[in-house]
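Keep in mind it's a predicted model, so treat the numbers as computed, not measured. Letters A, B, ... mirror the listed sequences (proteins, then strands); counts begin at 1.
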Amino acid sequence: MNDMRIAERDVSTSETKIAARGVQVHYGTTHALKDVDIDILNGNVTAFIGPSGCGKSTFLRCLNRMNDTIAAAKVTGSIKLDGEDIYDAKVDPVQLRAKVGMVFQKPNPFPKSIYDNVAYGPKIHGLTRSKAELDNVVETSLKKAALWNEVKDRLHSPGTGLSGGQQQRLCIARAVATSPEVLLMDEPCSALDPIATAQVEELIDELRGQFAVVIVTHSMQQAARVSQKTAFFHLGNLVEFGETGQIFTNPRDPRTESYISGRIG
Amino acid sequence: MPVLWIALIVLAAAAIAYVLARRSALASAQGDVRRMHSLPSYYGWHAFILTALPALLLMLAWLIFQPLFIENRIASQLPAEATATATSQQLAMRDVRSVADGLQAAISSGAITPEEMEAFTNDPSTLRARLGEAGVALGGNVTSETLEAAQNFRALASTMNLTMTVLVIGVALAGAAIALKQVRPDFWARNAVERTVMGLLIFASAIAIFTTISIVFSMVFETMNFFRQYPWQSFFFGTTWSPVFHGNSQLGIVPLLWGTLYISFIALLVAVPIGLFAAIYLSEYASNRVRSFAKPLIEVLAGIPTIVYGLFALVTVGPLLRDYFAQPLGLGSSGTSVMTAGLVMGVMIIPFVSSLSDDIINSVPQSLRDGSLGLGATKSETIRQVVLPAALPGIVGAVLLAASRAIGETMIVVLGAGAAARLGLNPFEAMTTITVKIVSQLTGDTDFNSPETLVAFALGLTLFVITLGLNIFALYIVRKYREQYE
């Protein structure tokens, strides 16, 4: 495939974090994802775009094995994180998910205080040795999620009491607190208003310095604003993958062109 | 005319009004539904309601007040010695009523002709035998005063019945006429029907509330009667329960309360962990196939009659505990014990805990589980730290519901724990509960004026207050810890 060569070229300039080859997903009898090859690079934001039901969220959930929680889902092919196959029997999906964090479409703070929401990951993975260290992790994570100033005076009030945008940033802080290597975001702004969306987008751009970020989005403007690389999915196929600028200005595949110009989708 | 017939006539009139109103609504809009405020069937329903509802309400009120009215009128005609005291008046009225009912039955079946009736008026002494032949038994010979009163009773009742029939049907027809006159395209029939529906719903909830209030009141009055005869200090703080029917009873609630709480505590100790774990397995781990047959199977436990549990306690669990635990450990030799009743009752309330908790755990949004799993938590960590805290208010509610079930349980206690009121810590001894004593104080020959019987109401009220307290506590917990999800 042509577009793969672009990705291969980039590998020489930036380190590959996740390499997927020939990934297929079946939900029962439905063939949801067909033969996807993709490389996710460190220090970049990769956007997955495509119409509803095209398989982009399914693929995202393959990257941290969240599809394991769905009994009917079957994943084949290879997905390597730092050269290690994450579907290997030796890999504990629980450990994997600590390394590959995820932020979901709808804000889903736990019914706990703001502090406990952020401290949840570090606590269950034993990342901190003392209360002071944990306080520190919570504070840094909230700062990274640009939420610290808004909540520092009410860390012990419930996380569910925040506004939608704040809740989503709380969920990002919660994901960041386990210091993942990859951050997956499944339409993180779809439930947010434009101001909160702008805040989260700004945040994504800051976060890519520390992790590889993969974002699924329905908004092509958002993909264009935040990502360096874009993958276009259609009907379970990866149609085109390349530099964001190239995808949006000079798509190679006619289907990509139709989608970004608004003719399909 | 019998009440059923009147009701049927009113309903038939209402049905006709429905059809007429619907048709005239359509006609008034020249067959174009869009020019009317409401759909044609709403005009029909409005007419139906206006025809049936006031008429049936009138009939209901009439039926309630007619006997009171007749009784008053007839009582004033009875001789003075019969109405001297309330009791003698009641007795006299009962005679009058039974003679009147007997005559009515005999005449309507044709056993006594109206001509014979004339003869009886002059000589009532043979009436009893004659009615007996016709299959109507009377308690004593009929005096001429009673017969006269009975005749008046029948006459008055039949006049009033006729009046009622005419009035009810008249009101129904008037309602129908008004409704039919109201049918115009700009009449808001839909809103009128809506108001009636709301009234119906308010009525239904009011019945439930008033029933509760009246139950409480009847208990409160009897309890006040009890406390007039027995000091409340001895009731609430007395540690001995020994009712004696010829007086000098000691009626302390403490041993019964202790037995109730002890047995319920053991039952909850059994039911809460088992029920909760079963619920967690069913909702979080079990496949759909397992769940679809395991859940109904567990719920079968709730459908077993408690007397069957009682037998199980008496025949199986009791002897087992005595032979393998109590006697070898030297803790007692009683076949009935707190432990027996507690264990069996615990099994009984497992489905209350498990079924409700399962529903509650299932209603915790999947997004919370995903969030936790996505952070690298294991399944059991997710359940312990995210799902259960989110479901906690509901689970507490389920447990308290099970607790009030346990506190109110009687049969298992009678057969499992015995009927001996005792204050002790040994779970292998027989004890008993409040509900068992309520039953035993009210069964058999009872005199409703002695404290030994009235104490049952005080016990019942205490039980009610305890379960009410539990419910309020449950509400408080639920409010305090409730979380809002989308």
Side-chain angles (χ1 to χ4, degrees), chain A residues 60-61 63-72 92-113 116-127 158-162 164 167-168 170-180 183-186 191, chain B residues 276 279-295 357 359-398 476-486:
Chain A
L60 191 75
R61 292 169 68 94
L63 300 180
N64 67 346
R65 293 186 61 174
M66 278 301 276
N67 281 331
D68 291 14
T69 59
I70 301 165
D92 176 6
V94 169
Q95 292 295 325
L96 171 75
R97 289 185 203 132
K99 274 194 277 185
V100 184
M102 189 162 190
V103 175
F104 295 83
Q105 188 171 355
K106 259 172 52 182
N108 55 352
F110 301 139
K112 297 170 180 290
S113 69
D116 287 333
N117 260 286
V118 182
Y120 184 79
K123 266 188 194 159
I124 58 174
H125 295 297
L127 299 181
T160 42
L162 296 173
Q167 287 190 6
Q168 192 63 304
L170 176 63
C171 293
I172 293 173
R174 191 172 72 185
V176 166
T178 50
S179 13
L183 191 59
L184 309 177
M185 303 177 120
D186 190 356
Chain B
L276 196 54
I280 291 172
Y281 170 73
L282 283 180
S283 56
E284 298 286 326
Y285 290 92
S287 68
N288 271 340
R289 215 161 46 85
V290 174
R291 198 180 133 115
S292 66
F293 76 81
K295 201 177 175 198
S357 304
D359 291 343
I360 290 151
I361 291 173
N362 265 326
S363 70
V364 173
Q366 182 62 29
S367 66
L368 285 184
R369 294 187 186 92
D370 283 348
S372 172
L373 293 174
L375 284 172
T378 62
K379 205 157 184 172
S380 76
E381 282 165 347
T382 301
I383 292 165
R384 220 171 41 237
Q385 307 207 19
V386 176
V387 178
L388 286 186
L392 190 69
I395 291 174
V396 170
Y476 166 77
I477 295 272
V478 169
R479 291 244 172 90
K480 183 163 179 196
Y481 295 101
R482 180 165 46 194
E483 291 296 338
Q484 308 283 341
Y485 326 112
E486 290 194 43

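Of the atoms belonging to A:Pro109, it is backbone heavy atoms, and not side-chain ones, that fall under 4.5 Å from chain B. Contacts of A:Val100 with chain B are made by backbone atoms alone, with heavy-atom separations under 4.5 Å and no side-chain atom involved. With a threshold of 4.5 angstrom between heavy atoms, B:Ser287 does not approach chain A through any atom at all.
Within the 3.5 Å criterion, the main-chain N or O of B:Gln385 finds a donor-acceptor partner in the side chain of A:Lys112.
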Apply side chain to side chain contact (heavy atoms under 4.5 Å, CB included) to residues A:Arg61 and B:Asp370 and explain how you reach the verdict. CA-CA 11 Å; A:Arg61 292 169 68 94; B:Asp370 283 348; 4.1 Å; yes

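Summarising the geometry, atom OG1 belonging to B:Thr382 is positioned 7.0 Å from atom CD1 belonging to A:Ile124; distances are rounded to the nearest 0.5 Å. Taken to the nearest 0.5 Å, the OG atom of B:Ser372 stands 8.0 Å off from the CZ atom of A:Arg174. We find the CG-CZ distance between A:Asn108 and B:Arg369 to be 12.0 Å, quoted to the nearest 0.5 Å. Separating the NE2 atom in A:His125 from the CD atom in B:Glu381 is a distance of 7.5 Å, to the nearest 0.5 Å.
The two atoms that bring A:Tyr120 and B:Ala377 nearest to each other are OH-CB, 3.7 Å, heavy atoms only. For the pair A:Phe110 and B:Leu368, the tightest heavy-atom approach, listed with the atom from each and the gap, is CE2-O, 3.4 Å. Shown here for A:Thr178 and B:Leu375, the closest heavy-atom pair between the two residues is CG2-O, 4.2 Å.
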